[in-house]
Amino acid sequence: KHKFWETQPVGQFKDAGDTSLPEGPIEPPTPLSEVKQEPYNLPSQYEWTTCDMDSEETCNEVYNLLKNNYVEDDENMFRFNYSKEFLRWALRPPGFYHSWHIGVRAKTSKKLVAFITGVPARIRVRDEVVKMAEINFLCVHKKLRTKRLAPVMIKEVTRRVHLENIWQAAYTAGVILPTPITTCQYWHRSLNPKKLIDVGFSRLGARMTMNRTIKLFKLPDSPATPGFRKMELCDVPAVTRLLRNYLSQFVVAPDFDESDVEHWLLPTEDVVDSYLVESPETHEITDFCSFYTLPSSILGNQNYSSLKAAYSYYNVSTKTPLLQLMNDTLIVAKLKNFDVFNALDVMHNESVLKELKFGPGDGQLHYYLYNYRMQSALKPSELGLVLL
Ligand code: MYA
Ligand code: JJ1
C-alpha cells in the first residue's frame, strides 16, 4: 500500500503494539563517507536547485509556487497562503542550512515546479534531546502530481540532512502515513463570524440568526489582565526560562535556548505575535502567549479573496489562568483584524477551547518522527511541539 514509506525507517503499521521494539533510533547513523555524495536522479526534464531565500526573486518564486499549489482543505475552498516574510522567518532560524531549501526546476523554462525544506531543531523526546530536521513545505505543482516526485524529494532532503550528521526528523501532514506519534484536532474560534459564514468557512448554527451569531462571538475591546503587554527583546531571557520550564512536562517538545526564543517568539510584524504578563508589583514575567499569521486564499468567492487566520503557537500560564490568558490573546487577535483564531488540542489547549467558543474543524494534523520509534502513540496533550 505504501510502496515508498514501507522502505523508510519510520514506525510501520505492522509494528504497532509490538512492545519488544525499543523506543529510539530505528537505524544507527552511518559514517558520513558512506552518505551518497551526488543528488538523487530526477526525471530528465527536471533539475535540482537550492533556493536562496535571501534573494527577492527566488523568494517570490517559492511564494508563488506555494500560493498556487500548497495545502487545501478537503473541499478545496481554501489554500494556505504563507507570506514571503513568513517563509523567510520559517526557513532561516539559528543554524539553518541553505542546502536544505530544495527546489526542482523544469530544465528548459527554469520554472520552479516543486519544493521541500528542512530547518535544524533540537527536539526532546522524554529525557533525550535529539538533533533533528523539521521538514515542511513539501509541494509538487498541481500539473506534476502522482508521478512519484515526492519520494525523490524526500530522499534528497534526507541525504542533505545526513550530510550535516543529523539522522532524525519531525514533520506534520494532513494525511495519514506510517505512523503518527499523535493525531491532533484543529479547533477554530470565529472573530469575524459574518465573513466566515459568507465565504463558507463556517455555517450559521441551528436556530441561530446572523445577529445572534455576531453577539455570541463578541469580545471585550481590550485585554483584561493587568501587566499584559507585547514581548520585547529584553524579555528573551525570562521568556526562555518560563518556556523551558513549561515545555519540560511534555513527552515531545523543542529544546529552546535564548537564540531560538529570539528567533521564533520575538514579535515580527505580520508573522509572529507574542504577549506576556509582567507582574505590576514584582515585574516578574509569569505568563506568555503567542500566535503566528497564516492567511488562506479563498478559492472562487465573489466578495473576498483572503482569510486572515491566526494560529495559536506557544502559551505558558503560571499565574494568569490559561482561560483568561487565551481570552486576552483572542482580544488582541480581533484588534489586529484576524477573521479566525485556530488552535490544535496540543499541550493544555483542550481544557479551554470549548469555554472560549472554539469549535472543532473538519481537519486533523498528524505528527511524525523519522528514524525514531515511539513505543506507543501520545495523547495530543502530551505533545509540546507546534510546527508552522
Ligand atoms: S505536509 C504538506 C504536504 N503538501 C501538500 O499537501 C501540498 C499539496 N500537495 C502536494 O504538493 C502533493 O500532493 C505532495 C505529494 C507533494 C504532498 N508527506 O509524488 P507522489 C507520499 C509525506 O506520486 P504527489 C509537509 O510539508 C504518498 O504517501 N509523504 O504524490 C511535510 C506516497 O508514498 P507511498 C507524502 O501527490 C512533509 C508518495 O508520497 C505526503 O504528486 C514531510 C506519492 O508521491 C506528505 N504530505 O505529491 C515529508 N503526501 O506510496 C516527509 C503524499 O509510500 C519527511 N506522500 O504511500 C520525512 C523526513 C525527511 C528528512 C529525514 C532526515 C533524517
Ligand atoms: O480550516 C479547516 N477547516 C475549516 C473550513 C472548512 C471548509 C470546508 N472544508 C472548518 N471550519 C469550521 C469552523 C467552525 C467555526 C465555528 C465553530 C465550529 C467550527 O472546519 C481545516 C482544519 O479544520 N483546515 C484544513 O483542512 C487545511 C489542511 C489541514 C492539514 C494541514 C497540513 C499541514 C502541512 C504541514 O506543514
Side-chain angles (χ1 to χ4, degrees), residues 1-10 25 27 29 65-66 68-80 82 90 100 113-118 120 131-178 184-191 193 196-197 199-205 213 216-217 294 296 298-299 307 309 311 339-344 353-354 357-372 387-388:
K1 224 180 122 259
H2 290 289
K3 272 292 161 229
F4 169 65
W5 281 109
E6 279 170 6
T7 69
Q8 298 297 300
V10 294
E27 294 178 347
L65 175 72
L66 296 177
N68 295 317
N69 301 278
Y70 200 47
V71 176
E72 300 179 7
D73 68 296
D74 63 353
E75 291 167 291
N76 314 103
M77 296 173 69
F78 305 96
R79 184 159 60 232
F80 287 156
Y82 287 90
W100 294 6
V113 296
F115 192 57
I116 190 168
T117 68
K131 279 188 157 190
M132 297 199 193
E134 291 176 352
I135 307 298
N136 204 347
F137 305 115
L138 168 59
C139 183
V140 168
H141 193 286
K142 287 187 180 227
K143 295 203 164 151
L144 299 177
R145 297 277 170 89
T146 69
K147 296 178 187 298
R148 311 300 297 183
L149 214 51
V152 187
M153 303 196 63
I154 293 167
K155 284 190 277 185
E156 181 60 13
V157 75
T158 301
R159 189 183 71 82
R160 297 188 192 193
V161 170
H162 285 166
L163 286 172
E164 304 299 340
N165 201 20
I166 295 176
W167 305 88
Q168 271 74 34
Y171 51 103
T172 56
V175 295
I176 300 187
L177 304 165
C184 297
Q185 176 69 52
Y186 277 102
W187 290 72
H188 307 281
R189 205 302 184 176
S190 302
L191 301 174
L196 294 182
I197 291 166
V199 303
F201 187 91
S202 66
R203 294 175 183 185
L204 264 190
T213 304
L216 174 67
F217 290 117
L294 167 49
S296 281
I298 304 172
L299 309 175
L307 187 71
Y311 286 75
D339 297 316
V340 63
F341 192 95
N342 299 334
L344 295 164
L353 293 171
K354 283 184 182 155
K357 299 173 183 163
F358 283 75
D362 61 4
Q364 293 191 320
L365 189 64
H366 309 281
Y367 277 75
Y368 302 93
L369 297 179
Y370 184 95
N371 194 23
Y372 202 96
L387 300 180
L388 305 170

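The model shown is predicted, which means the values in this text are computed figures rather than measured ones. Every number for a ligand or one of its atoms is a count from 1 in the order of the listing.
- Contacts of W167 with ligand 1, taken as heavy-atom pairs under 4.0 Å, involve the backbone alone.
- With a 4.0 Å heavy-atom cut-off, ligand 2 is reached by the side chain of L365 but not by its N, CA, C or O.
- By the criterion of a heavy-atom distance under 4.0 Å, neither the backbone nor the side chain of A133 is placed next to ligand 1.
- Counting heavy atoms closer than 4.0 Å to ligand 1, residue Y70 contributes atoms from both its backbone and its side chain.
- At the shortest separation from atom 23 (O) of ligand 2 among protein heavy atoms lies H188 NE2, 2.7 Å.
- Heavy-atom separations between Y82 and ligand 2 are all 4.0 Å or longer.
- Of all the heavy atoms of W5, the ones lying under 4.0 Å from any atom of ligand 1 are found in both the backbone and the side chain.
- In this structure, P193 does not count as a contact residue of ligand 2, since none of its heavy atoms falls inside 4.0 Å of the ligand.
- Of the polar atoms of A150, at least one N or O is found under 3.5 Å from an N or O of ligand 1, judged by distance alone.
- Using 4.0 Å as the threshold, F137 has no heavy atom nearer than that to any atom of ligand 2.
- Under 4.0 Å from ligand 1, the heavy atoms of L177 that appear belong solely to its side chain.
- Considering backbone and side-chain atoms alike, V140 places an N or O below 3.5 Å from some N or O of ligand 1.
- Nearest protein heavy-atom neighbour of atom 1 (S) of ligand 1: T172 O, 3.3 Å.
- At the shortest separation from atom 18 (C) of ligand 2 among protein heavy atoms lies G359 CA, 3.6 Å.
- Proximity of P360 to ligand 2, defined as any heavy-atom pair under 4.0 Å, is confined to the backbone N, CA, C and O atoms.
- For atom 36 (O) of ligand 2, the closest non-hydrogen atom of the protein is N136 OD1, 2.9 Å.
- By the neighbour-count criterion of 12 heavy atoms within 6.0 Å, atom NZ of K142 is densely surrounded, having more than that number from other residues, nucleotides or ligands.
- Heavy-atom neighbours of R145 CZ from other residues, nucleotides or ligands within 6.0 Å: above the threshold of 12.
- Comparing K3, K131, K147, R148 against atom 32 (C) of ligand 1, the shortest heavy-atom distance belongs to R148.
- Polar contact with ligand 1: present for L138 (N/O pair, distance under 3.5 Å).
- The closest non-hydrogen atom to atom 31 (C) of ligand 2, taken over Y367, F201, F217, Y186, comes from Y186.
- Distances from atom 12 (C) of ligand 1 to the heavy atoms of R145, Q168, E72 show the closest one on R145.
- Ranking the protein heavy atoms by distance from atom 15 (C) of ligand 2 puts S202 CB, 3.7 Å first.
- Between F137 and F115, the two ring planes are tilted [angle within 30° to 60°].
- Of the candidates N371, T146, T117, T146 brings a heavy atom nearest to atom 41 (O) of ligand 1.
- Within the 4.0 Å cut-off (strictly below), a protein heavy atom is located near atom 10 (C) of ligand 1.
- Counting only non-hydrogen atoms, the option in V152, V71, V10 that gets closest to atom 5 (C) of ligand 1 is V71.
- Under 4.0 angstrom from ligand 2, the non-hydrogen atoms of D362 come from both its backbone and its side chain.
- Not a single heavy atom of L387 sits closer than 4.0 Å to an atom of ligand 2.
- Here D73 has heavy atoms under 4.0 Å from ligand 2 in both its backbone and its side chain.
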